[in-house]
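As the structure lists them, so they are numbered: ligands from 1, and atoms in each ligand from 1. Not measured: the values here are computed from a predicted model. Numbering of residues begins at 1 and proceeds along the displayed sequence.
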Amino acid sequence: MALRFYNTLTQELEGFYPLQNNTVRMYTCGPTVYNFVHIGNFRTFTFQDILRRWLRYRGYQLNHVMNVTDVDDKIIANAAKEHKSIGDYTAVFTKAFFEDAAALRLEQPEHVAPATKHIDVMANAIEQLAAKGCTYTSEGSTYFRISSFPEYGKLSHNDFSGIRSGARVDVDEYDKADARDFVLWKARKDSEPAWETPFGEGRPGWHIECSAMAMSYLGETLDIHAGGVDLIFPHHENEIAQSEAITGKPFARFWLHAEHLHIESQKMSKSLGNFYTLRDLLEMGYEPEAIRYLLASVPYRKKLNFTFESLKAVAKSIERLREFELRLASAKLPAGANEEISERSREAIRQFEEAMDDDLNTAEALAAIFEYVRAMNSGLDENRFQEENRWDAARVLEVFDCVFDVLKSSGSAEAEQAGSLSEAEIKAAIDERSQAKKARDFARADQIRGRLQEAGVLLEDTKDGVRWKRK
Ligand code: AMP
Ligand code: ZN
């Protein structure tokens, strides 16, 4: 079956294809940069990275826009406390966000759009809404009148027919099922940062930020809009109301939402104080690959319960895959190909693809890989592998890793950067040692082993040949 996603809008699994050419036009809600982002947030961003990679694996190109919310109530309050401009304040956390994202190997979207650099498109969208009679002003602020959009509630599947007309909120986030006219433009208060517009001095609300930027980069109807489940209402409901009120066209065809990461059965969140940042976990000595793997391993529509035991368990899973890779590379194999192994390898790829096509079922995709690795380790034990099967198995690992991206250890990349030995140098030294042993020059062989050990590389002589790993 072809690629399909669960669409929050229709509440169904639907076959996916992009509307224009071969390019998926996708918008995801990015971070609010008032602090370090926690690993709960990164669960959602990791899901988006897996989504990107799978779309590309399926032959599509991407035009993906992610916003960075760099002006909001919390940012203004925190910057004022530190006597900084909001630009100086948010620069630190924006930089930290992209450093953390890179450590987790999250690909950069094609466009990263900071809100404060797009005030003009937001002001323009508000003017269009005003011209259509969807807004009103009160005390200098402009509000969206939700009674002007009869389909309000269609994403969150709430019935808002009994809403109190005229009740409004100034904050960007509010309770579920409490639909109120929301703020599009907030009048300037005291010395807050503000921008000049024909409808007054002030700053944009959070919801208009995403509608306006999404449409300005991607056009009126996007292929995919994604975020965490907490954004379904009110944020994404409001985005639909604003965008569709302007264009009269569907704003996004597919709405994908990631469930939350929990810790001790509670949503991880800054306000509850029960969070870990990526930096916290790296300082405790966990590998970024293990964290990435853990965040990706539970299908995105299921809650993920974070525990340190699971983090340790996935580190072992990665180790198993790396050991298999190493064993494959160093095994001494007879020439030729065992067709049974080749077929089992193709089957593993088919199972992986089927699982990923099924709304990114990462758990099943991983199960397919681990069953395969178990079978192939037996294949190696029982001497059923031949030289050309090396490439069959390498292809399976390659397919796995172009999505999960955990096989190469960033620890070893750092060690290489720090001036220790590269893989090529290690292999050359191992060859030299084997030659020395053949020539019965055991002193030389021991000397090479010692030199490698000093550089943090351990050798193991096995019946399949020499295996090595970094300490
Ligand atoms: P924020 O910076 O709060 O706007 O959140 C950025 C993204 O992280 C949004 O898509 C949120 O839905 C998502 N998010 C927030 N908390 C969690 C959590 N505990 N688990 C998964 N995603 C989350
Ligand atoms: Zn958004």
Side-chain angles (χ1 to χ4, degrees), residues 8 26-51 64-75 78 90 93-94 96-98 100-101 104 106 109 112-115 118 122 125 155-156 171-173 176 182 204-218 222 224-243 251-252 255-278 291 294-296 298-306:
T8 309
M26 171 158 97
Y27 186 90
T28 56
C29 296
T32 306
V33 280
Y34 73 100
N35 205 327
F36 293 107
V37 161
H38 59 66
I39 55 160
N41 301 122
F42 273 120
R43 197 247 169 142
T44 294
F45 297 123
T46 305
F47 141 66
Q48 289 158 4
D49 183 67
I50 301 286
L51 172 62
H64 172 191
V65 180
M66 182 184 78
N67 66 310
V68 173
T69 302
D70 58 354
V71 54
D72 87 333
D73 297 340
K74 287 171 280 197
I75 290 172
N78 288 4
T90 57
F93 297 109
T94 306
F97 172 78
F98 285 107
D100 290 356
L104 286 173
L106 307 186
V112 172
H118 298 77
M122 298 172 211
L155 180 71
S156 52
V171 290
D172 290 319
E173 287 172 88
K176 253 194 159 50
F182 56 89
W206 172 38
H207 313 299
I208 196 67
E209 168 185 332
C210 287
S211 281
M213 293 200 291
M215 292 196 292
S216 97
Y217 280 93
L218 300 172
L222 328 175
I224 298 178
H225 195 313
V229 281
D230 54 321
L231 301 189
I232 297 174
F233 187 87
H235 184 51
H236 290 164
E237 197 73 74
N238 292 351
E239 282 191 43
I240 290 180
Q242 299 163 140
S243 308
F251 174 45
W255 287 87
L256 271 54
H257 291 101
E259 253 299 347
H260 282 145
L261 180 136
H262 281 225
I263 179 160
E264 284 151 18
S265 312
Q266 267 190 319
K267 175 188 164 187
M268 182 174 283
S269 80
K270 277 175 205 148
S271 52
L272 291 172
N274 61 350
F275 65 89
Y276 290 99
T277 64
L278 179 69
I291 301 161
L294 180 64
L295 295 179
V298 175
Y300 75 95
R301 289 203 301 124
K302 292 217 169 95
K303 288 196 182 75
L304 193 166
N305 194 33
F306 175 84

* To do: Looking only at non-hydrogen atoms, find the nearest pair between M213 and P114 and report the distance.
  => SD-O, 4.2 Å

* Backbone or side-chain N/O/S of H207 under 2.8 Å of the Zn ion (ligand 2) -> no

* To do: Could you tell me whether any N, O or S atom belonging to C210 is less than 2.8 Å from the Zn ion (ligand 2)?
  =>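 For C210, the answer is yes, given that an N, O or S atom comes within less than 2.8 Å of the Zn ion (ligand 2).
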
* Asked: What residues, two or more places apart in sequence or in another chain, satisfy side-chain contact (heavy atoms from CB on, under 4.5 Å) together with V298?
  -> R43, K302, L304

* Asked: Roughly how far, to the nearest 0.5 Å, is CD of E239 from CD1 of I232?
  ->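 Rounded to the nearest 0.5 Å, the CD1-CD separation comes to 12.5 Å.
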
* Asked: With H236, which of C210, C29, S211 fulfils side chain to side chain contact (heavy atoms under 4.5 Å, CB included)?
  ->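 Result for side chain to side chain contact (heavy atoms under 4.5 Å, CB included) with H236: C29.
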
* Have N67 and E209 got a donor and an acceptor in their side chains that come within less than 3.5 Å? ->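 Yes, side-chain donor-acceptor contact under 3.5 Å.
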
* Pairing residues for K270 by the salt bridge (Lys or Arg N to Asp or Glu O under 4.0 Å) criterion, not counting sequence neighbours -> none

* Could you tell me which residues satisfy salt bridge (Lys or Arg N to Asp or Glu O under 4.0 Å) with D49, sequence neighbours excluded, listed by chain and number? => R53, R292

For ligand 1, list every N/O pair with the protein closer than 3.5 Å, one pair per line with the distance.
{"unit_1": "ligand 1", "atom_1": "2 (O)", "unit_2": "T32", "atom_2": "N", "d": "3.1"}
{"unit_1": "ligand 1", "atom_1": "4 (O)", "unit_2": "T32", "atom_2": "OG1", "d": "3.4"}
{"unit_1": "ligand 1", "atom_1": "5 (O)", "unit_2": "N41", "atom_2": "ND2", "d": "3.2"}
{"unit_1": "ligand 1", "atom_1": "8 (O)", "unit_2": "N41", "atom_2": "ND2", "d": "3.0"}
{"unit_1": "ligand 1", "atom_1": "10 (O)", "unit_2": "G228", "atom_2": "N", "d": "3.1"}
{"unit_1": "ligand 1", "atom_1": "12 (O)", "unit_2": "G228", "atom_2": "N", "d": "3.3"}
{"unit_1": "ligand 1", "atom_1": "12 (O)", "unit_2": "D230", "atom_2": "OD1", "d": "2.4"}
{"unit_1": "ligand 1", "atom_1": "12 (O)", "unit_2": "D230", "atom_2": "OD2", "d": "3.3"}
{"unit_1": "ligand 1", "atom_1": "14 (N)", "unit_2": "N41", "atom_2": "ND2", "d": "3.4"}
{"unit_1": "ligand 1", "atom_1": "19 (N)", "unit_2": "L261", "atom_2": "O", "d": "3.2"}
{"unit_1": "ligand 1", "atom_1": "19 (N)", "unit_2": "M268", "atom_2": "O", "d": "2.8"}
{"unit_1": "ligand 1", "atom_1": "20 (N)", "unit_2": "G40", "atom_2": "O", "d": "3.2"}
{"unit_1": "ligand 1", "atom_1": "20 (N)", "unit_2": "L261", "atom_2": "N", "d": "2.8"}
{"unit_1": "ligand 1", "atom_1": "22 (N)", "unit_2": "G40", "atom_2": "O", "d": "3.0"}
{"unit_1": "ligand 1", "atom_1": "22 (N)", "unit_2": "T44", "atom_2": "OG1", "d": "2.7"}

* Asked: To the nearest 10°, what's the angle at the Zn ion (ligand 2) between atoms NE2 (H235) and SG (C29)?
  -> 120°

